[in-house]
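Down below is the structure, laid out as structure tokens.
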Amino acid sequence: VQLQASGGGLVQPGGSLRLSCGVSGFTRDYWTIGWFRQAPGKEREGVSCISSADDSTHYADSVKGRFTISRDNAKDMVYLQMNSLKPEDTAVYYCAAVEFSDRIRITSVEFKNYDYWGQGTLVTVSS
């Protein structure tokens, strides 16, 4: 499985960005894609995840109501729409994937046992 994250950049507070994660190579029927971020000097934290079993989505409290995760099966893409960005959202963002043979869905952004990770994309929120 390969993942390619893109879409980061510099944005002013209150602005928006859409991150993209291109995914290829799944061999099992079900998967979960997670978005993580790591700010300088801080641990990596889960931001959001989406599971193919039922299209369920989950968000960290810090981004609820501002970020939206979605998928486009036709394009093999998962997106993270980020609105009302704050300086504290500044971080390197990563997408990660785990696949399952059974109809399993991940129900928490605290789950970190993903098998595949993409390279990061830097998001800087600053005026």
Side-chain angles (χ1 to χ4, degrees):
V1 175
Q2 294 185 324
L3 303 109
Q4 180 77 30
S6 61
L10 173 64
V11 63
Q12 293 186 341
S16 298
L17 277 177
R18 188 179 76 162
L19 304 184
S20 300
C21 179
V23 186
S24 62
F26 280 134
T27 60
R28 301 185 184 182
D29 292 337
Y30 304 100
W31 50 261
T32 294
I33 299 291
W35 281 100
F36 291 79
R37 66 186 181 187
Q38 187 165 20
K42 295 187 177 181
E43 292 187 355
R44 186 175 297 185
E45 64 170 340
V47 174
S48 182
C49 62
I50 183 168
S51 294
S52 68
D54 60 358
D55 271 338
S56 59
T57 59
H58 300 276
Y59 300 91
D61 288 343
S62 58
V63 306
K64 278 181 182 176
R66 300 188 297 122
F67 290 12
T68 303
I69 191 171
S70 63
R71 63 167 174 157
D72 184 333
N73 290 341
K75 297 181 179 179
D76 293 329
M77 299 289 286
V78 171
Y79 303 103
L80 186 69
Q81 178 66 43
M82 306 186 297
N83 298 329
S84 302
L85 282 162
K86 305 175 181 180
E88 51 263 43
D89 295 317
T90 295
V92 177
Y93 284 71
Y94 302 86
C95 57
V98 60
E99 53 180 352
F100 308 103
S101 298
D102 297 323
R103 196 179 183 90
I104 294 172
R105 61 186 179 93
I106 301 301
T107 59
S108 171
V109 297
E110 298 300 320
F111 177 83
K112 292 182 172 63
N113 292 332
Y114 289 84
D115 294 320
Y116 309 99
W117 291 80
Q119 90 295 352
T121 185
L122 177 62
V123 172
T124 303
V125 184
S126 176
S127 55

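As the structure is a prediction and not an experimental result, all values here were calculated from the model. Computation of the quantities below employed the complete heavy-atom set of this structure, encompassing side-chain atoms and omitting hydrogens, waters and symmetry-equivalent molecules. In what follows, residues are counted from 1 in the order of the sequence shown.
- Taken together through direct or relayed side-chain contacts under 4.5 Å among Ile, Leu, Val, Met, Phe, Trp and Tyr, Trp35 and Val1 form part of one hydrophobic cluster.
- Summarising the geometry, atom CD1 belonging to Ile69 is positioned 9.5 Å from atom SG belonging to Cys95; distances are rounded to the nearest 0.5 Å.
- Evaluation of the ring pair (Phe, Tyr, Trp, His ring centres under 6.0 Å) test over residues 55-97, restricted to residues two or more places apart or in two chains, returns none.
- No donor-acceptor pair under 3.5 Å is formed between the side chain of Thr32 and the backbone N or O of Val98.
- The hydrophobic cluster containing Val47 does not contain Val92, counting ILVMFWY residues as joined when their side-chain heavy atoms lie under 4.5 angstrom apart, directly or transitively.
- Residues passing the side chain to side chain donor-acceptor pair (under 3.5 Å) test with Ser6: none are found, sequence neighbours excluded.
- Within the structure, every pair that satisfies the salt bridge (charged side-chain N to carboxylate O under 4.0 Å, His left out) test and touches residues 103-124, not counting sequence neighbours, is listed here: Asp54-Arg105, Glu110-Lys112.
- Among all heavy-atom pairs drawn from Ser108 and Cys49, the shortest one is O-SG, 4.1 Å.
- The CG atom of Leu122 lies 9.0 Å from the CG atom of Leu10; values are rounded to the nearest 0.5 Å.
- Applying the salt bridge (charged side-chain N to carboxylate O under 4.0 Å, His left out) test to every pair with at least one member in residues 86-98, sequence neighbours left out, gives these pairs: Arg37-Asp89, Arg66-Asp89.
- In this structure, OG1 on Thr124 lies 11.0 Å from CG on Leu85, to the nearest 0.5 angstrom.
- The backbone N or O of Gln12 sits nowhere less than 3.5 Å from a side-chain atom of Ser127 that would complete a donor-acceptor pair.
- Within 6.0 Å of the CD atom in Gln2, the count of heavy atoms belonging to other residues, nucleotides or ligands does not exceed 12.
- Qualifying side chain to side chain donor-acceptor pair (under 3.5 Å) partners for Thr27, counting only residues two or more places apart in sequence or in other chains: Glu99.
- When the side chain to side chain donor-acceptor pair (under 3.5 Å) test is applied to Gln119, no partner is found at least two apart in sequence or on another chain.
- Note: the hydrophobic cluster containing Phe111 does not contain Leu3 (ILVMFWY, side chain heavy atoms under 4.5 Å, direct or indirect links).
- Sorted by first and then second residue, the salt bridge (charged side-chain N to carboxylate O under 4.0 Å, His left out) pairs with a member in residues 15-32 form an empty list; sequence neighbours excluded.
- To the nearest 0.5 Å, atoms OG1 (Thr68) and CE (Met82) are separated by 11.0 Å.
- Judged as a salt bridge (charged side-chain N to carboxylate O under 4.0 Å, His left out), and not counting sequence neighbours, the contacts of Asp55 are Arg71.
- Residues Asn83 and Ser16 come closest through the heavy atom pair OD1-OG, 2.9 Å.
- Under the ring-ring contact (aromatic ring centres under 6.0 Å, His included) criterion, Phe36 pairs with Tyr114, Trp117, not counting sequence neighbours.
- With hydrophobic clusters built from ILVMFWY side chains whose heavy atoms lie under 4.5 angstrom apart, Val63 does not share a cluster with Ile106.
- Screening residues 3-33 for ring pair (Phe, Tyr, Trp, His ring centres under 6.0 Å), with sequence neighbours left out, gives Phe26-Trp31.
- Checked against side chain to side chain donor-acceptor pair (under 3.5 Å), Asn113 has no partners two or more places apart in sequence or in another chain.
- For the pair Ser48 and Leu80, the tightest heavy-atom approach, listed with the atom from each and the gap, is CB-CD1, 4.1 Å.
- Every residue two or more places apart in sequence or in another chain was checked for a salt bridge (charged side-chain N to carboxylate O under 4.0 Å, His left out) with Asp72, and none qualifies.
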